[in-house]
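Below is one structure, written out as structure tokens; comments come after it.
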Amino acid sequence: MNEVQESLCFAGPATVTMFVIGAGNEPLPPETFHLAGPVPDEVRPFMPQEQPAEIAALGLVSYDLIFHDTSLALSTYTCEALRRLCADGRAVAWAGFEGSFHYDHLLTEDIASSVYGYCASGAEPVVAWDFTTLHSAAWRQGIARTRATLQGLMY
């Protein structure tokens, strides 16, 4: 198990946390996350309350994807799940560690190392599974480009 995967297991089962803006305000059915390879044991959607107007207009949903088998290789799964979240229209999705979400810091440089995957509609998903990459300038630049895409959706 590597650094990122170990961090995803801090509470026991592996928990991949994803956020998507632009895919509407209704959670996708759990079957949406039955992709090639691992299948989450639980899919827990969250609808954040008191969304800023520019986000509420697009829709924001957060998902905790729970895997009881912590030995599963989740980097490829995370990539495919991000791709799926952005497949049905103009959306931006990302996977981030617990506690990395705040409306004032959506995909900002100060939380870039807490985001381990990102995708925008029409682009390939990008996932990093080691802390060296997550702390790199190249990773921050990729997060910044994704934030610019998100801002383009919101304004």
Side-chain angles (χ1 to χ4, degrees), residues 4-5 7-8 10-11 14-67 74-129 131 133-155:
V4 171
Q5 186 119 354
S7 296
L8 299 178
F10 78 95
T15 303
V16 175
T17 301
M18 296 193 163
F19 306 91
V20 59
I21 293 177
N25 281 309
E26 291 298 319
L28 296 168
E31 298 77 33
T32 302
F33 297 97
H34 292 192
L35 305 166
V39 173
D41 295 296
E42 298 174 57
V43 175
R44 298 179 185 164
F46 297 97
M47 306 296 296
Q49 301 298 310
E50 301 178 22
Q51 298 178 24
E54 63 273 11
I55 292 174
L58 299 168
L60 166 63
V61 181
S62 169
Y63 299 91
D64 280 351
L65 308 174
I66 313 295
F67 298 86
L74 294 177
S75 62
T76 301
Y77 178 86
T78 300
C79 186
E80 292 307 313
L82 289 167
R83 182 187 321 276
R84 174 60 191 93
L85 287 172
C86 291
D88 293 334
R90 295 181 62 214
V92 171
W94 66 97
F97 293 116
E98 188 70 29
S100 65
F101 181 87
H102 190 280
Y103 290 119
D104 292 335
H105 299 274
L106 296 177
L107 300 173
T108 56
E109 184 174 340
D110 60 318
I111 61 100
S113 64
S114 296
V115 173
Y116 52 89
Y118 56 87
C119 186
S121 297
E124 286 297 307
V126 179
V127 173
W129 224 244
F131 290 142
T133 300
L134 295 181
H135 290 279
S136 71
W139 187 257
R140 288 189 301 277
Q141 290 167 355
I143 295 290
R145 285 190 300 274
T146 305
R147 178 178 171 79
T149 300
L150 176 60
Q151 289 175 325
L153 289 176
M154 292 190 307
Y155 304 106

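The aromatic rings of Trp129 and Tyr116 sit perpendicular to each other, their planes meeting at more than 60°, with 30° as the lower class boundary.
Asp110 places no side-chain N or O within 3.5 Å of a backbone atom of His105 that could act as its donor or acceptor partner. Side chain of Arg44 to backbone of Leu65: no donor-acceptor contact under 3.5 angstrom is found. A donor-acceptor contact shorter than 3.5 Å links the side chain of Gln49 to the backbone of Met47. Side-chain atoms of Thr108 do not come within 3.5 Å of backbone N or O of Asp104 as any donor-acceptor pair. Proximity of a side-chain donor or acceptor of Ser121 to a complementary backbone N or O of Cys86 within less than 3.5 Å is detected.
Of all the heavy atoms in Ala23 and Val20, the pair that sits closest is CB-CG2, 3.9 Å. Smallest separation of non-hydrogen atoms from Leu74 and Ala14: CD1-CB, 3.7 Å. Scanning all heavy atoms of the two residues, the minimum distance from Cys119 to Thr146 falls at O-CG2, 4.4 Å. Of all the heavy atoms in Ser62 and Thr17, the pair that sits closest is OG-CG2, 4.2 Å. In terms of heavy-atom proximity, Pro45 sits nearest to Val61 at CB-CG1, 4.4 Å. Taking each heavy atom of Phe19 and Ser100 in turn, the nearest pair found is CE1-OG, 4.5 Å.
Side-chain contact between Ile55 and Met154 is present, with at least one heavy-atom pair separated by less than 4.5 Å. Residues Ser7 and Phe131 meet the side-chain proximity criterion, which asks for heavy atoms closer than 4.5 Å. Using a 4.5 Å cut-off on side-chain heavy atoms (C-beta onward), Val16 and Met18 make contact. Counting only heavy atoms from C-beta outward, the side chains of Val127 and Cys79 approach each other to under 4.5 Å.
The line from CZ of Phe97 to OG of Ser114 is 7.0 Å long, rounded to the nearest 0.5 Å. From Leu35, atom CG reaches atom OG1 of Thr76 across 11.5 Å, with rounding to the nearest 0.5 Å. The CD atom of Glu54 sits 9.0 Å away from the CD1 atom of Ile21 when rounded to the nearest 0.5 Å. Of the inter-residue distances, the one linking Asp64 atom CG with Glu98 atom CD reads 6.0 Å to the nearest 0.5 angstrom. Here the CG atom belonging to Leu106 is positioned 9.0 Å from the CD atom belonging to Gln151, to the nearest 0.5 angstrom. Distance CG/Leu28 to CG/Leu85: 6.5 Å, rounded to 0.5 Å.
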* Would you check, one step at a time, whether the test side-chain contact (heavy atoms from CB on, under 4.5 Å) holds for Thr15 with Leu8? => CA-CA 5 Å; Thr15 303; Leu8 299 178; 5.8 Å; no
* Asked: Is there a side-chain contact (heavy atoms from CB on, under 4.5 Å) between Asn25 and Gln51 once you walk through the steps?
  -> CA-CA 11 Å; Asn25 281 309; Gln51 298 178 24; 3.9 Å; yes
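Ring centers of Phe33 and Tyr77: at least 6.0 Å apart, outside the cut-off. The aromatic ring centres of Trp139 and Tyr118 sit less than 6.0 Å apart.
With sequence neighbours excluded, the residues that form a side-chain hydrogen bond (donor to acceptor under 3.5 Å, both in side chains) with Glu80 are Arg83.
Counted within 6.0 Å of CD on Glu42, heavy atoms from surrounding residues, nucleotides or ligands total more than 12; the atom is thus considered enclosed.
A side-chain contact (heavy atoms from CB on, under 4.5 Å) with Trp94 is found for one member of Val126, Leu107, Ile111 and no other, namely Leu107.
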